[in-house]
Amino acid sequence: MHNIFWFQKTANRSLAGGSHGSVATMSKQYLTTHTIDNAHITDVFSIAATPTALLSASGSSTLHIHATTQPNIPLVQSLTGAHKLGCHHIAVSRNGKIAASAGFGGDVKIWKLADSGTGDWQPFGELDFGKGAGKGAGEIWAVALSEDGQFLASTTYDGRINVWDLYGDRSATMREYETGSAGAGTFGLCVDLSRDGKYTASGHQSGAVYVFNNNTGRLQYSLPGLVKPIRTVAFSPAGTRLAAAGDAGIIAIYDTKHGEHVGNLTGHTAWITSIDWSDTGEYLLSGSFDGKVKVWSIDRGACVATHSETDKALWAVKWLPKMARNEMFCTAGANRSLTFYREATGA
């Protein structure tokens, strides 16, 4: 059954830049359109969206691909045996042609969309740790891809942030950033690349947030953190804002031009595990440990929607790239399901 929910937009400080006076309250309506129960046999830890598909990863060895442009969002491909010990992160390039998955065994697999036009994904090698530190669990944790899929950013257990050229020498990092004295940084729980590839951002167990300039190879900003672990970071589409969230239950918004903290989004009452910007940068999606998903208006600095299909942890939330349809997003987590929502108003 479709589950409709209404929420009100309220005026608050602007996190998008610019000033606003009094704002009339407006309603925003979403509905759940489809749920794929038991999409995986264990927790779904990570999802990634292309213009036509949703890739999902879990504690099992198989990655799944569902076709998001077809009715009922069918399972169209399973990459069996991708990660023997399961997969904790999967990322896809914005152009939808390159994907990367990181497994609990320390392995990082690269995938590419077949040139045949079938929509199938095929192996495209993996990262070779031959010239770097030994391959092992924790050497690579979170991963993110650049818009064209050429560059991959990754975090490590000891706080290093690496950038790899997937079309170059995969056995050596292109950039390696330290976030503490050598080998003594705190666990890098999350990472993101700006769309233009200029910046890498990382969030850490210590609550620290760092932004690095990939052009100069230097630390751009050490941002005031949230004290508690940061589990998710995301650049806005234009790259002007960085959102960071985690165990503090607050989403911090930073201005990337000046490295300033410009505001917080508050309303979650549990750890925030995943955030994602809408295509336009107007809205931010967030998922939390108590199963709640929220949609935030950046312009108003306010929550405009809250929903929950489960009281179990959500590990991943993603907007689907906007095509000729209303906005859609997907949530996944400990209930092993994929739940899809769409904007109901057609606005």
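Along the sequence shown, the residues carry numbers beginning at 1. From a predicted model like this one, the values you see are computed outputs, not experimental measurements.
Cluster membership for Val76 and Leu54, using ILVMFWY side-chain heavy atoms within less than 4.5 angstrom, is not shared. No continuous path of ILVMFWY side-chain contacts below 4.5 Å connects Ile65 to Phe340, so the two sit in separate hydrophobic clusters. Residues Ile47 and Leu314 do not share a hydrophobic cluster, clusters being chains of Ile/Leu/Val/Met/Phe/Trp/Tyr side chains in contact below 4.5 Å. In the hydrophobic clustering of this structure, Tyr30 groups with Val293; members are Ile, Leu, Val, Met, Phe, Trp, Tyr whose side-chain heavy atoms approach within less than 4.5 Å, directly or through other members. There is a path of hydrophobic side-chain contacts, each under 4.5 Å, that joins Phe151 to Leu219.
Using a 3.5 Å distance cut-off with no hydrogens or angles, the side chains of His83 and Ser101 do pair a donor with an acceptor. If you check the side chains of Asp299 and Tyr283, you find no donor sitting under 3.5 Å from an acceptor. At a cut-off of 3.5 Å, with distance as the only test, no side-chain donor of Asp43 or His40 sits close to an acceptor on the other residue. For the 3.5 Å distance criterion, the side chains of Glu343 and Asn326 fail to qualify, holding no donor opposite an acceptor. No side-chain donor-acceptor contact under 3.5 Å links Trp271 and Ser288. Between the side chains of Thr80 and Ser78, no donor-acceptor pair of N or O atoms lies under 3.5 Å. Side-chain contact, Thr339 with Ser337: no donor N or O sits under 3.5 Å from an acceptor N or O.
A salt bridge links Arg94 with Asp279: the distance from a Lys NZ or Arg NE/NH1/NH2 to an Asp or Glu carboxylate oxygen falls below 4.0 Å. Salt bridge Lys292/Glu309: absent, no basic N to carboxylate O contact under 4.0 Å.
Note that OG1 of Thr68 is 7.5 Å distant from CE of Met328, once rounded to the nearest 0.5 Å. With rounding to the nearest 0.5 angstrom, the CG atom of Leu265 is 9.0 Å from the OG atom of Ser297. Atom NZ of Lys112 and atom CG of Asp120 lie 13.0 Å apart (nearest 0.5 Å). Lys294 NZ to Thr306 OG1: the interatomic distance, rounded to the nearest 0.5 Å, is 3.0 Å. The OG1 atom of Thr232 lies 4.0 Å from the CD1 atom of Ile275; values are rounded to the nearest 0.5 Å. With rounding to the nearest 0.5 angstrom, the OH atom of Tyr157 is 6.0 Å from the CD atom of Glu139.
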For side-chain contact (heavy atoms from CB on, under 4.5 Å), just list the numbers for Ile110 and Ile98, CA-CA rounded to whole Å, side-chain angles, deciding distance to a tenth of an Å, and then say yes or no. CA-CA 7 Å; Ile110 313 301; Ile98 300 292; 4.1 Å; yes

Output, in order, the C-alpha distance, side-chain angles, deciding distance and verdict of side-chain contact (heavy atoms from CB on, under 4.5 Å) for Leu166 and Leu145. CA-CA 10 Å; Leu166 297 184; Leu145 285 166; 3.7 Å; yes

So Trp319 and Glu327, side-chain contact (heavy atoms from CB on, under 4.5 Å) or not? Walk me through it. CA-CA 8 Å; Trp319 293 102; Glu327 281 184 336; 3.8 Å; yes

Side chain to side chain donor-acceptor pair (under 3.5 Å), that's the test. Do His307 and Thr32 meet it? Break it down for me. CA-CA 9 Å; His307 201 47; Thr32 58; 5.1 Å; no

Before giving the answer on ring pair (Phe, Tyr, Trp, His ring centres under 6.0 Å), spell out for Trp315 and Phe289 the whole-Å C-alpha distance, their side-chain angles and the decisive distance to 0.1 Å. CA-CA 7 Å; Trp315 298 127; Phe289 194 71; 5.8 Å; yes

Test side-chain contact (heavy atoms from CB on, under 4.5 Å) on Val211 and Thr256; report intermediate values, then the result. CA-CA 8 Å; Val211 177; Thr256 54; 5.5 Å; no

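You'll find the side chain of Arg241 reaches within 4.5 Å of the side chain of Val262, heavy atoms only. Under the 4.5 Å side-chain criterion, counting only non-hydrogen atoms from C-beta, Ser202 is in contact with Phe212. With a 4.5 Å cut-off on side-chain heavy atoms, Ile140 and Thr156 do not count as touching. Two residues are said to be in side-chain contact when any heavy atoms from C-beta on lie closer than 4.5 Å; Gln122 and Trp111 fail this criterion. Residues Asn264 and Ile253 are not in side-chain contact: their nearest non-hydrogen atoms beyond the backbone lie 4.5 Å or more apart.
Panel note: side chain Ser58, backbone Ser60; a donor-acceptor pair is recorded below 3.5 Å. Side-chain N or O atoms of Asp192 include one that pairs as donor or acceptor with a backbone N or O of Phe235 at under 3.5 Å.
For the pair Arg175 and Tyr199, the NZ or CZ position fails the cation-pi test of under 6.0 Å to the six-membered ring centre and within 45 degrees of the ring normal.
Of all heavy-atom pairs between Leu223 and Gly259, the closest is CD2-O, 3.3 Å. In terms of heavy atoms, Pro321 sits closest to Thr50 at CD-O, 3.4 Å. Ile298 approaches Gly281 most closely through the heavy-atom pair CG1-O, 3.9 Å. Among all heavy-atom pairs drawn from Leu284 and Ala243, the shortest one is CD2-CB, 4.0 Å. Closest non-hydrogen pair, Asp165 versus Arg170, comes out as O-CG, 4.1 Å. The minimum heavy-atom distance linking Glu147 with Ser93 is given by the pair O-CB, 3.5 Å.
Ring geometry for Phe187 versus Trp141: interplanar angle over 60°, hence perpendicular rather than tilted (30 to 60°). Between His204 and Tyr210, the ring-plane angle classifies as perpendicular under the 30° and 60° cut-offs. Ring geometry for Phe104 against His88 counts as perpendicular: the plane angle is over 60°, on a 0 to 90° scale with 30° as the lower cut.
Under the ring pair (Phe, Tyr, Trp, His ring centres under 6.0 Å) criterion, Trp164 pairs with Phe129, not counting sequence neighbours.
Checked against the 6.0 Å centroid criterion, the rings of His89 and Phe45 do not qualify as a close aromatic pair.
For residues 208-231, every residue pair satisfying the salt bridge (charged side-chain N to carboxylate O under 4.0 Å, His left out) rule, not counting sequence neighbours, is listed here: Arg231-Asp247.
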